[in-house]
2 protein chains.
Amino acid sequence: MEGSGRESGNALLFLTDEQLRKGIEAMFFAYRGFTADPDRILADMAYGRAHHRAVHFIHRSPGTTVNNLLAILGVTKQSLNRVLRALVEDGLVRSEVGKRDKRERHLHLTEAGEALERQLSDAQRDRMRAAYRAAGPEAVTGFRQVLEAMMDDEMRKRYDALKDLKG
Amino acid sequence: MEGSGRESGNALLFLTDEQLRKGIEAMFFAYRGFTADPDRILADMAYGRAHHRAVHFIHRSPGTTVNNLLAILGVTKQSLNRVLRALVEDGLVRSEVGKRDKRERHLHLTEAGEALERQLSDAQRDRMRAAYRAAGPEAVTGFRQVLEAMMDDEMRKRYDALKDLKG
DNA sequence: TTGGAATGTCAACAAAGCTGACGTATTATG
DNA sequence: CATAATACGTCAGCTTTGTTGACATTCCAA
């Protein structure tokens, strides 16, 4: 932008409003791409993005409780319950009463659930892989740094907690 | 997965399924942060994220037509119309008949509309700025590269078209 | 034994997307 | 000039995914 003249010559050119706006728009358009492939797959079934998220995080943390999942997804239990009920009824998710605390329900994917998870995350990973490959390893590091800095503290906690599981 | 050993030792460590999964989760949690501040502001009004997007892109491309906005946002005209009608009724957006082609409506923000846009994008930019500052200029370059590589071709066209306006 | 936590469920509602159908200007085209 | 296509608006109805509020059940722990 010609308006970069306002900041040109100093080392903070990447913090101009123009640069920030571009980042905002990049985020908007990229997120659409990010969800596009799973959305296409899910459209054929009776499922939506909410089911994808549940399946993803149950796969990620097998045996997680409903409450834990609630916190990660940031929705109400009523909203999640509707999704989980459908997944359990359709035999994609297994909900078993906790052994130590029988009030808790521990969630696992069934074989069918794992198959759906694989189908969805394969599609999403393919795009991510292509983007990573196109941008290169240094760009990927930067990408992750900015995203992590963009999270709320609460979300970063969830994100880090997940990272510690297997990462 | 412990299987990161599968790729360890070569230069493509950033393309392991683990790395990709982390990227996917980072994207998920970061997008929540990305929208959190405007959402909080909008919650007090009778508006939602859809109104924010409309206001953003009208501000970005003053005089844009309904059809153009439709293509950028990727929603149906019925869906956008509901949003635009509210914004026009509330005096935030001005819709004027085209001079060359009288079928078209050219959209502009009113003073009040600009004020709202500023309020929303200030909040969003503050977070983006903090993230950029924390991550540094090189990370920002990588961030943008990965995001752009993640877009659909169609979206990248829209994104680039916007970039050309003032960029 | 009693209070609170975890869970499930019912009802009602809202935001924001969708399809399909139709109307009305206006412009483009054969 | 007649007709087709375009741009826009609108009505009706539906879906997904979120929200509150209320209430029941189960069960751990003090």
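We name chains A, B, ... by the order of the sequence lines, and we start the count at 1 in each one.
Remark: side-chain polar atoms of B:Arg127 are paired, donor with acceptor, to backbone N or O of A:Met150 under 3.5 angstrom. Formation of a donor-acceptor pair under 3.5 Å by the A:Thr110 side chain with backbone atoms of A:Gly91 is found in this model.
Across the interface with DNA chain C, nearest-nucleotide mapping of A:Arg103 and A:Gln78 shows A:Arg103 to be the residue nearer the 5′ end. Mapping A:Ser79 and A:Val97 onto DNA chain D via the closest heavy atom, the residue that lands nearer the 5' end is A:Ser79.
Among the nucleotides D:dG18, D:dC28, C:dG8, the one closest to any side-chain atom of A:Asp101 is D:dC28. For A:His51, the listed nucleotide lying nearest its side chain is D:dT17; candidates were C:dT26, C:dA6, D:dT17. Nearest to the side chain of A:Arg85, among D:dT19, C:dG8, C:dC10, sits C:dC10. You'll find that the side chain of B:Ser95 is closest to D:dG9, out of C:dG17, D:dG9, C:dT26.
The side chain of B:Arg53 contributes no N or O atom lying less than 4.0 Å from OP1 or OP2 of C:dA15. In this structure, B:Asn67 reaches the D:dC8 phosphate: one of its side-chain N or O atoms is under 4.0 Å from OP1 or OP2. Listed pair B:Arg32 / D:dG18 fails the phosphate criterion, with no side-chain N or O lying under 4.0 Å from OP1 or OP2. Considering only side-chain N and O atoms, B:Thr76 lies under 4.0 angstrom from the phosphate OP1 or OP2 of C:dC18. Here A:Arg105 reaches the OP1 or OP2 of C:dG8: one of its side-chain N or O atoms lies under 4.0 Å away.
Put simply, CG on A:Leu80 is 14 Å from C1' on D:dT19, counting in whole angstrom units. Distance CD (A:Glu104) to P (C:dG8): 11 Å, rounded to an integer number of Å. Rounded to whole Å, atom P of C:dT7 lies 8 Å from atom NE2 of A:His106. When rounded to the nearest whole Å, the span between CG of A:Asp44 and P of D:dT16 equals 13 Å. Across the protein-nucleic acid pair, A:Asn81 atom CG and C:dC10 atom P stand 9 Å apart, rounded to whole Å. To the nearest angstrom, P of D:dT19 lies 11 Å from CG of B:Asp39. Whole-Å rounding puts the B:Glu96 CD to C:dA25 P distance at 20 Å. B:Leu69 has its CG atom 11 Å from the P atom of C:dG17, to the nearest Å.
Using a 4.0 Å heavy-atom distance criterion, A:Arg49 is classed as a sugar-phosphate-only contact.
Under the 30°/60° scheme for interplanar angles, the aromatic rings of A:Phe57 and B:Phe28 are found to be tilted. Under the 30°/60° scheme for interplanar angles, the aromatic rings of B:His51 and B:Tyr47 are found to be tilted.
Salt bridge status for B:Lys157 with B:Asp152: absent, with no side-chain N to carboxylate O gap under 4.0 Å.
Between A:Phe143 and B:Phe14, the ring center distance fails the sub-6.0 Å criterion.
Side-chain atoms of A:Lys77 and base atoms of C:dT7 include a donor and an acceptor less than 3.5 Å apart.
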